[in-house]
Amino acid sequence: MINIVLFGKPGAGKGTQAEFLKEKYQLVHISTGDVFRFNLKNDTELGKQARVYMDAGDLVPDELTTKMLIDEVNKHLDAKGILFDGYPRTISQAEALDAFLPTIGSQVTATVALEADDEVLVARLLERGKTSGRVDDQDEEKIRNRYQEYNEKTAPLMDYYKAQNKFHAVDGIGSIQEITERLTQVIDNL
Ligand code: B4P
């Protein structure tokens, strides 16, 4: 299996790029944000538990998120590879993934980070908030809280994957197509 972790700040374009990469490399795309939003929309027990965190721009607790992620991966054991979009977001999640994947004979192949300046990203999210209906995209304070969560809990993952020689960074500013090409160059050279 080729397992790619797409990494980046909120609004860096993980979901946008995943749409292209999953087709090109025939990967199963698992977006934890999308799975949570599906559960919110359908008012499931998981959705009820996650809503309070997501609406505030906080990360959902690790235990809940990791259980959901493992359930999703277990639905796709015959996949050629998985594109992890938005997971892991904490060291504890990364450790859980590193513990789980070997149980299905697999591992993280590489982490590819989309890098972009906070101010550009805040503007992107506010723009998306006009049409997405996402509560977490509509209020600048909540958006800024998401960056604080990122800096405190997610940024340390860069060193975690660098220590494993699995970290690759790509400039996330430019047209969507330019960024897809940059990502493709990295993945083709893995
Ligand atoms: P996510 O759904 O993962 O969302 P995101 O960080 O907002 O977005 P992404 O980087 O995918 O941006 P996108 O491509 O859409 O998370 C939402 C919430 O779910 C989290 O805050 C948390 O509460 C919860 N959650 C999810 N995973 C979790 C985990 N593992 N642990 C705990 N909690 C978790 O792009 C954003 C916008 O930019 C779009 O409008 C797009 O059109 C635009 N855009 C993209 N690329 C562009 C480009 N090159 N130029 C201009 N605009 C661009």
Side-chain angles (χ1 to χ4, degrees), residues 4-22 29-41 46-73 82-97 100 108 111-157 160 170-183:
I4 308 284
V5 172
L6 259 186
F7 184 83
K9 292 176 183 170
K14 301 181 292 289
T16 304
Q17 294 299 330
E19 292 304 315
F20 297 100
L21 298 179
K22 72 176 183 192
H29 172 209
I30 299 180
S31 158
T32 39
D34 285 350
V35 180
F36 278 134
R37 282 185 287 278
F38 176 85
N39 280 277
L40 249 58
K41 201 170 144 216
L46 177 63
K48 283 180 189 140
Q49 289 176 297
R51 182 184 297 280
V52 56
Y53 300 100
M54 291 182 72
D55 283 357
D58 291 334
L59 292 182
V60 179
D62 287 335
E63 204 183 326
L64 210 57
T65 308
T66 295
K67 184 184 175 308
M68 177 187 86
L69 187 275
I70 289 176
D71 286 348
E72 286 301 310
V73 175
I82 296 177
L83 187 56
F84 292 96
D85 166 4
Y87 188 100
R89 265 174 151 108
T90 64
I91 295 282
S92 151
Q93 291 181 15
E95 288 171 347
L97 191 61
F100 168 68
V108 170
T111 300
V112 190
L114 289 166
E115 295 190 328
D117 182 73
D118 285 12
E119 295 313 309
V120 175
L121 298 183
V122 170
R124 275 189 199 172
L125 292 182
L126 284 169
E127 190 57 36
R128 181 172 69 185
K130 290 179 189 166
T131 53
S132 67
R134 281 176 57 172
V135 176
D136 60 343
D137 281 349
Q138 288 166 359
D139 176 335
E140 189 161 342
E141 210 174 305
K142 287 176 183 162
I143 292 177
R144 300 240 173 237
N145 182 47
R146 287 159 70 189
Y147 289 94
Q148 198 169 329
E149 287 278 87
Y150 173 90
N151 289 331
E152 281 172 22
K153 298 176 183 168
T154 309
L157 284 177
Y160 180 91
V170 157
D171 181 1
I173 302 292
S175 72
I176 289 171
Q177 195 188 341
E178 278 167 348
I179 296 164
T180 309
E181 282 163 16
R182 289 174 202 152
L183 289 168

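Since the model is a prediction, treat every value here as computed from it, not as a measurement. Whatever order the structure lists them in is the order used to number ligands and atoms, beginning at 1.
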Novice: If you measure from each heavy atom of Q17 to ligand 1, is any distance below 4.0 Å?
Specialist: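 Flag not set, Q17 not near ligand 1.
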Novice: Applying a heavy-atom cut-off of 4.0 Å, say which part of E149 lies close to ligand 1: side chain, backbone, both or neither.
Specialist: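 It is neither part, as no heavy atom is under 4.0 Å.
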Novice: Taking only heavy atoms of T65, which atoms of ligand 1 are found under 4.0 Å from at least one of them?
Specialist: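 Per the distance check, 29 (C), 30 (N), 31 (N), 32 (C).
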Novice: Measure the distance from atom 43 (C) of ligand 1 to every protein heavy atom, then report the residue, atom name and distance (to 0.1 Å) of the closest one.
Specialist: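 So the nearest neighbour among protein heavy atoms is R124 CD, 3.9 Å.
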Novice: Would you check, one step at a time, whether the test side chain to side chain contact (heavy atoms under 4.5 Å, CB included) holds for R124 with L121?
Specialist: CA-CA 5 Å; R124 275 189 199 172; L121 298 183; 3.8 Å; yes
Novice: Tell me: protein heavy atom nearest atom 2 (O) of ligand 1, and distance?
Specialist: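 Going by distance alone, atom 2 (O) of ligand 1 is nearest to R37 NH2, 2.8 Å.
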Novice: Does even one non-hydrogen atom of R134 get within less than 4.0 Å of ligand 1?
Specialist: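 Yes.
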Novice: Is there a polar contact between ligand 1 and T16, counting only N or O atoms under 3.5 Å apart?
Specialist: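 Such a contact does occur with ligand 1.
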Novice: For atom 7 (O) of ligand 1, which protein heavy atom lies nearest, and how many Å away is it?
Specialist: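 Answer, as residue, atom name and distance: R146 NH2, 2.6 Å.
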Novice: Please check whether D34 reaches ligand 1 - meaning an N/O of the residue sits under 3.5 Å from an N/O of the ligand, judged on distance alone.
Specialist: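 Between D34 and ligand 1 (N or O atoms, distance only) the closest approach is not under 3.5 Å.
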Novice: If you have a sec, work out which protein heavy atom is nearest atom 11 (O) of ligand 1 and how many Å separate them, to one decimal?
Specialist: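 It is G15 N, 2.8 Å.
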Novice: With only distance considered, is K14 within less than 3.5 Å of ligand 1 through an N or O on each side?
Specialist: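 Between K14 and ligand 1 (N or O atoms, distance only) the closest approach is under 3.5 Å.
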Novice: Got the closest protein heavy atom to atom 16 (O) of ligand 1, with its distance?
Specialist: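 Going atom by atom, the protein heavy atom closest to atom 16 (O) of ligand 1 ends up being R89 NH2, 3.4 Å.
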Novice: Starting from atom 37 (C) of ligand 1, locate the nearest protein heavy atom and write down its residue, its atom name and how far away it is, to 0.1 Å.
Specialist: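 Nearest neighbour among protein heavy atoms for atom 37 (C) of ligand 1, to 0.1 Å: R128 NH1, 4.1 Å.
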Novice: Which pair of heavy atoms, one from K142 and one from D55, lies closest together, and at what distance?
Specialist: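 Looking at all heavy atoms of both residues, the closest pair is CD-O, 3.1 Å.
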Novice: Side chain, backbone, both or neither: which part of L59 comes within less than 4.0 Å of ligand 1 when only heavy atoms are counted?
Specialist: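 For L59, backbone and side-chain atoms both sit under 4.0 Å from ligand 1.
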Novice: Please report whether ligand 1 has a polar contact with V60, defined as an N or O pair separated by less than 3.5 Å (distance criterion only).
Specialist: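 N/O-N/O distance under 3.5 Å: yes.
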Novice: On a heavy-atom basis, which atom in A116 and which in K9 lie closest, and how many Å separate them?
Specialist: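 Distance-wise, the nearest heavy atoms are O-NZ, 3.6 Å.
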Novice: Could you say whether the N/O atoms of G86 and ligand 1 ever approach to under 3.5 Å?
Specialist: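 By distance alone, the answer is yes.
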Novice: Measure the distances from the heavy atoms of D137 to every atom of ligand 1 and state whether one is below 4.0 angstrom.
Specialist: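 Checking ligand 1 against D137, which is what was asked, there is no heavy-atom contact under 4.0 Å.
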Novice: Is E140 salt-bridged to R144, going by a charged N under 4.0 Å from an acidic O?
Specialist: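 Salt bridge present between E140 and R144.
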Novice: Starting from atom 31 (N) of ligand 1, which protein heavy atom do you reach first, and at what distance in Å?
Specialist: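 Protein heavy atom with the smallest distance to atom 31 (N) of ligand 1: Q93 NE2, 2.9 Å.
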Novice: Report yes if G57 has an N/O atom closer than 3.5 Å to an N/O atom of ligand 1; otherwise report no.
Specialist: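 No.
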Novice: Tell me whether G11 reaches ligand 1 (any heavy atom closer than 4.0 angstrom to a ligand atom).
Specialist: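 In this structure, G11 qualifies as a contact of ligand 1 - some heavy atom is under 4.0 Å.
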Novice: Distance under 4.0 Å to a non-hydrogen atom of A12: what atoms of ligand 1 satisfy this?
Specialist: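 Near A12, meaning under 4.0 Å from one of its heavy atoms, ligand 1 has 10 (O).
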Novice: Please identify which atoms of ligand 1 are closer than 4.0 Å to at least one heavy atom of I179.
Specialist: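 Counting atoms of ligand 1 from 1, those under 4.0 Å from I179 are 49 (N).
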Novice: For atom 18 (C) of ligand 1, what is the closest protein heavy atom, and at what distance to 0.1 Å?
Specialist: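 Checked against all protein heavy atoms, atom 18 (C) of ligand 1 sits closest to M54 CE, 3.9 Å.
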Novice: What are the atoms of ligand 1, with element, lying closer than 4.0 Å to any heavy atom of T32?
Specialist: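 This gives 26 (C), 27 (N), 28 (C), 30 (N) as the contact atoms.
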Novice: So for ligand 1, is G174 a polar contact partner (N or O within less than 3.5 Å, distance only)?
Specialist: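 Yes; at least one N/O pair falls below 3.5 Å.
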Novice: Where on D58 is there a heavy atom closer than 4.0 Å to ligand 1, on the side chain, on the backbone, on both, or on neither?
Specialist: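 The answer is the backbone.
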